[in-house]
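Below: the structure, in structure tokens.
Because the structure is a prediction, the values reported are computed rather than measured. Side-chain atoms are counted along with the backbone in the values below, which use heavy atoms only and exclude waters and symmetry mates. To find a chain, count down the sequence lines: A is the first, B the second, and so on, and within it residues start at 1.
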Protein chains: 2
Amino acid sequence: MKIDPNSPKDLSAQIAQAIKEAIISGELPVDERLPSESELSEQFDVSRPTVREALKRLAAQSLIRTQRGATGGAFVNRLSFKDAYAQQITTSTLLLSMNAVSFETACEARYALERACAPLSAAKREADHLATMRAEIHRQSQPGLSDEAFCASDVAFHRALVDGAGNPVLSYQLAGAIEAMQPSMNMITFTARSRTEIIALHTRIADAIEAGAPEQADATLTELQSYTVRLANDVIAARAAKA
Amino acid sequence: MKIDPNSPKDLSAQIAQAIKEAIISGELPVDERLPSESELSEQFDVSRPTVREALKRLAAQSLIRTQRGATGGAFVNRLSFKDAYAQQITTSTLLLSMNAVSFETACEARYALERACAPLSAAKREADHLATMRAEIHRQSQPGLSDEAFCASDVAFHRALVDGAGNPVLSYQLAGAIEAMQPSMNMITFTARSRTEIIALHTRIADAIEAGAPEQADATLTELQSYTVRLANDVIAARAAKA
DNA sequence: GCAAATTTAAATGTCATACAATTAAATGTC
DNA sequence: GACATTTAATTGTATGACATTTAAATTTGC
């Protein structure tokens with residue numbers, strides 16, 4: 001691992017990249033201890049603060065963890081699905097909010113991905129995920145539920161649908177798509193009528209999964225997508241009319 | 001934005017989180033300049049190196065960019081799709097390699113997602129993406145192509161299929177799923193026979209997209225998935241036999 | 001001789017200060 | 001007015017010190 005003092009990049013960025021590449025290539029295996037900060041600063045011929053900045057960059061990406069104390073140091077971290085979920089969600093959220101992605105585009109992506117899960121979920125139809133879906137449907141029908149709580153339950157319902165596919169990689173990929181949309185979903189005011197409609201569609205989806213009928217789940221998800229987009233467009237139109 | 005000196009977390013981690021939350025909430029809009037490092041160190045009542053560690057954490061996630069010089073400083077960065085792609089790919093790659101995700105599971109996720117794109121691509125059937133797919137198919141049939149080059153072309157083909165859906169959010173989500181599998185794909189030795197088979201399937205997929213026939217694309221992708229898994233299993237079996 | 005208490009050493013976390021490098025704006029010069 | 005120079009602000013890097021944490025080594029007490 002070498003760095004170039006004449007590169008346009010910061011030294012800390014170069015060092016971080018060198019270590020990152022060593023981790024990706026497998027040269028540094030999981031749980032391996034990196035040299036101490038002092039040793040690294042000698043190896044790369046830079047000061048300790050510079051090394052520390054590099055290590056913080058890696059820590060921010062969950063590539064390493066640090067421990068204090070006698071046997072402490074920086075260790076290569078096993079990237080857990082949980083950590084990856086969290087990163088995926090914040091990245092997706094920022095991507096949508098900062099790039100003026102239309103509700104329709106985000107919605108299209110989300111439901112396309114969900115339709116990808118539906119056949120797998122329908123094939124497995126696991127009891128616990130189905131139970132979660134039913135429970136969330138029940139919660140959604142409670143009167144006096146706030147719009148935020150309704151949305152949160154909506155997210156939980158769809159996560160259960162996705163997790164029902166029993167593929168952690170899929171769940172990870174979809175976590176971002178589903179949760180990143182919550183801010184825009186929250187702006188929708190769910191009337192009693194629209195809630196009834198959505199609950200009916202959720203029920204049909206759960207039924208389709210339980211029956212092992214993927215085409216039906218697919219079609220109902222498409223219906224739900226159009227309905228959601230219509231609701232959002234109503235909100236946008238109402239706002240435009242006011243202004 | 002306040003921090004707690006008695007928290008178990010590092011000061012730099014707390015500061016990074018505080019700024020991150022301000023960015024996510026929109027309190028700090030895109031291109032806004034953060035206070036200088038000296039000002040931040042006064043505001044948070046910590047030293048400048050500590051502030052810098054916090055800023056490097058944010059820079060590692062592409063949340064800020066820094067400029068040197070008189071009018072320099074740290075600016076809130078608009079998270080571009082390109083940056084998000086890159087993060088998504090490294091995260092996915094590490095997730096697969098560090099968690100002993102089976103080839104079959106990763107493959108299932110990948111093809112489920114691709115099948116999600118197929119109907120959208122078939123509806124749009126854009127000329128340039130179709131041209132890219134045809135060009136990659138042609139490249140794949142060149143004799144003397146290395147396994148690595150064949151794999152790279154395979155990735156390009158599938159990316160074109162995905163990008164053909166015309167939904168940048170989908171493309172972003174799928175970039176990870178497709179490219180993260182390249183390391184495991186590279187271990188497969190593609191014989192002349194298997195290449196012919198794969199090229200035939202690719203051709204049928206392109207034909208289906210061009211014809212606007214989503215069901216056909218879906219079915220062919222499923223075939224390609226099974227065939228890929230079979231090839232991988234052969235490699236694994238051959239290795240086991242040797243040992 | 002063994003267990004508990006203490007000391008020690010190694011590592012990260014934090015601070016203070018200084019200087020180098022870069023960049024744009026202000027200033028000066030012709 | 002155009003061009004060169006200076007200046008000031010800001011990040012990048014280095015040095016050295018001290019605080020804090022943690023496990024291992026040592027000492028002490030019985």
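Comparing C:dA16, D:dT11, C:dT12 by their closest approach to the side chain of B:P49 singles out C:dA16. Of all nucleotides listed (C:dC15, D:dT10, D:dA14), D:dA14 comes nearest to the side chain of A:V46. In the set D:dG12, D:dA8, C:dG13, D:dG12 carries the atom at the smallest distance from any side-chain atom of B:K56. Minimum atom distance to the side chain of A:T50 is reached by D:dT13, of the listed C:dT14, C:dA10, D:dT13. Of the candidate nucleotides C:dT12, C:dC15, D:dT13, C:dT12 has the atom nearest to the side chain of A:R48.
A salt bridge does not link A:D10 with B:R65: every distance from a Lys NZ or Arg NE/NH1/NH2 to an Asp or Glu carboxylate oxygen is 4.0 Å or more.
Distance, B:E39 CD to D:dT10 C1': 10 Å, rounded to whole Å. Distance B:R65 CZ to D:dT10 P: 17 Å, rounded to the nearest Å. The distance from atom CD of B:E53 to atom P of C:dC15 is 10 Å, rounded to the nearest whole Å. C:dA16 atom P lies 16 Å from atom CD of B:E37, rounded to whole Å. At whole-Å resolution of the value, CG in B:D45 and P in C:dC15 are 8 Å apart. To the nearest angstrom, P of C:dC15 lies 13 Å from CD of B:E42. As a whole-Å value, the separation of B:L11 CG from C:dT14 P is 4 Å.
When each of A:D10 and A:G69 is assigned the nucleotide of DNA chain D with its nearest heavy atom, A:D10 is the one assigned upstream, toward the 5' end. For the pair B:L34 and A:R68, nearest-nucleotide mapping onto DNA chain D gives the more 5' position to B:L34.
Base-pair partner of D:dT21: C:dA10 (Watson-Crick or G-U wobble, both distances under 3.5 Å). As the counterpart of D:dG16, C:dC15 is assigned, both hydrogen-bonding distances of the Watson-Crick or G-U wobble pattern falling under 3.5 Å.
Contact detail for B:A106 and B:V101: the closest heavy-atom pair is N-CG1, 4.0 Å. When all heavy atoms of A:E108 and B:L120 are compared, the closest pair comes out as OE2-CD2, 3.8 Å.
The side chain of A:R33 contributes an N or O atom lying less than 4.0 Å from OP1 or OP2 of C:dA11. Using a 4.0 Å cut-off, no side-chain N or O of B:T71 falls inside it from OP1 or OP2 of D:dA9. OP1 or OP2 of C:dG13 sits under 4.0 Å from a side-chain N or O of A:R52. The side chain of B:K9 places no N or O atom within less than 4.0 Å of a non-bridging phosphate oxygen (OP1 or OP2) of C:dG13. OP1 or OP2 of D:dA14 lies within a sub-4.0 Å distance of a side-chain N or O belonging to A:S47.
For the residue pair A:D163/A:S171, the side-chain donor-acceptor check at 3.5 Å is satisfied.
Checked by atom type and distance alone, the side chain of B:E53 never pairs as donor or acceptor with a backbone atom of A:K56 at under 3.5 Å.
Using the six-membered ring where Trp is involved, A:Y172 and A:Y85 have ring planes that are parallel, under 30° apart on the 30 and 60° scheme.
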